[in-house]
Amino acid sequence: MNFPDLHSWNLDYAAAVALQRRLARQVELTNRLPERVRRVAGVDVSYRKRGDIFYAAVVVLDFPELRPVEVASWQARVDFPYIPGLLSFRELPVLLNAFRRLRHRPDLVLVDGQGIAHPRRCGLACHLGLWLDLPTVGCAKSRLTGEGPEPGFAKGDRSPLRQGGEEIGAIVRSRDGVRPLYVSPGHRIDIPTAVDWTLACCGRYRMPEPTRLAHLETNRLRREDEARRSGS
DNA sequence: GCGACAG
DNA sequence: ATCTTGTCGC
């Protein structure tokens, strides 16, 4: 897998928005998953509120066992600020570098953030899917845009997430009674299938196993690095 | 101008 | 995302 150098986007707000509009046209919303999905990956990024060092991790699990089979990570300084709608410009570079260290190519990637449930239909999951040329799903813990009714109480209950006339994702109950997830396609997958895979990857926790484990790994890395720094 | 706003 | 203590519920 080869990746261009992304250390500096060198983009202002208008240019980033323009780029997203172009990228959104390349997003595919039809299923292009292999007949048999054997490996599902989850990605996440962690950092301090007041700190520019980002820790990214990608965890690959086998399916349907959902056992971790490989972990890759990367850390780097990030200067791009958090701007609602431009999250991918902040987290994508360090994430791609973590992916670059991966030996096994996953069949599907679950992302902590939105897919097409984004003002310009180009959330982090879409941007990552396009870069990696892989099917991706956005599994966000909260809403960025769109509206929809509260889904039922039971695990698996869902309701459509819409913006204007279009359906951009689903509000999904991943466990009984928990706050729902905002699921939307990232790339090469449709909405119902994105929901199916999200639920298929959920164990006894609110977050799907791939992103949940990536989150744990990312926090472990940060604690480790911070301890290493204060001790030297 | 005002409110909303993934992580 | 992170900060941060105790507290409510299974």
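Just so you know, these numbers come straight off a predicted model, no measurement behind them. Every chain is numbered from 1, with letters handed out A, B, ... down the list of sequences.
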Review item, nucleotides 1-6 of chain B N/O atoms under 3.5 Å of protein N/O:
residue, atom, partner, partner atom, Å
B:dA4, O3', A:Arg143, NH2, 3.4
B:dC5, OP1, A:Arg143, NH2, 2.6
B:dA6, OP2, A:Tyr82, OH, 2.6
B:dA6, O4', A:Gln114, NE2, 3.4
B:dA6, N7, A:Gly85, N, 3.2
B:dA6, N6, A:Gly85, O, 3.0
B:dA6, N6, A:Leu86, N, 3.3
B:dA6, N6, A:Leu87, N, 3.0
B:dA6, N1, A:Leu124, N, 3.1
B:dA6, N3, A:Gln114, N, 3.1

Is any side-chain heavy atom of A:Leu221 closer than 4.5 Å to one of A:Gln75? no
Going by side-chain heavy atoms closer than 4.5 Å, which hydrophobic residues are tied to A:Phe153, directly or by a chain of links? none
Which class fits the ring pair A:Phe89 and A:His127: parallel under 30°, tilted 30 to 60°, perpendicular over 60°? perpendicular
SB check A:Arg222 A:Asp225 (cutoff 4.0 Å): no
Fit a plane to each ring of A:Tyr47 and A:Phe54, take the angle between them on a 0 to 90° scale, and name the class: parallel (under 30°), tilted (30 to 60°) or perpendicular (over 60°). parallel
Just need the stems in DNA chain B: three or more back-to-back Watson-Crick or G-U pairs, each with both distances under 3.5 angstrom, sorted by first number. none
For residues 144-153 of chain A, the side chain to side chain donor-acceptor pair (under 3.5 Å) pairs (sequence neighbours left out) are A:Thr145-A:Gln163, A:Glu150-A:Arg173
What I want to find out is whether A:Asp44 reaches A:Arg212 closely enough, with some N-O distance under 4.0 Å, to be called a salt bridge. no
Rounded to whole Å, how long is the line connecting atom CZ of A:Phe80 with atom C1' of B:dG7? 13 Å
Per-nucleotide protein contact string for nucleotides 4-10 of chain C, where B marks a base within reach and S marks sugar-phosphate only (heavy atoms under 4.0 Å, - for neither): -------
Any chance you could encode DNA chain C as dot-bracket? Rule is Watson-Crick or G-U wobble with both distances under 3.5 Å; [ ] for pairs crossing earlier ones, | for another strand. ..........
Can you pull the ring-ring contact (aromatic ring centres under 6.0 Å, His included) pairs that have at least one residue in residues 165-193 of chain A, sequence neighbours excluded? none
Pair up each side-chain donor or acceptor in residues 195-205 of chain A with any protein partner under 3.5 Å, not counting sequence neighbours, and list the distances.
residue, atom, partner, partner atom, Å
A:Thr198, OG1, A:Ala194, O, 2.8

Salt bridge (charged side-chain N to carboxylate O under 4.0 Å, His left out) contacts touching residues 8-23 of chain A (sequence neighbours left out): none
Residues touching DNA chain C, which here means a heavy atom under 4.0 Å, drawn from residues 196-222 of chain A: A:His215, A:Asn219, A:Arg222
Return the minimal non-hydrogen interatomic distance between A:Asp107 and A:Arg36, and the atom names on each side. OD2-O, 4.2 Å
What do the steps show when you test A:Thr211 against A:Asp112 for side chain to side chain donor-acceptor pair (under 3.5 Å), and what is the final call? CA-CA 6 Å; A:Thr211 53; A:Asp112 201 327; 5.5 Å; no
Run the side-chain contact (heavy atoms from CB on, under 4.5 Å) test against A:Leu29 and tell me which residues pass, sequence neighbours left out. A:Val27, A:Ile116, A:Pro185
Quick one: A:Glu91 CD to C:dA1 C1', roughly how many Å, whole number? 8 Å
Presence of salt bridge, A:Arg220 and A:Glu217, under 4.0 angstrom: yes
Quick one: side chains of residues 58-67 of chain A, donor-acceptor pairs under 3.5 Å with protein atoms, not counting sequence neighbours, listed by atom name and distance.
residue, atom, partner, partner atom, Å
A:Asp62, OD1, A:Leu66, N, 3.3
A:Asp62, OD1, A:Arg67, N, 2.8

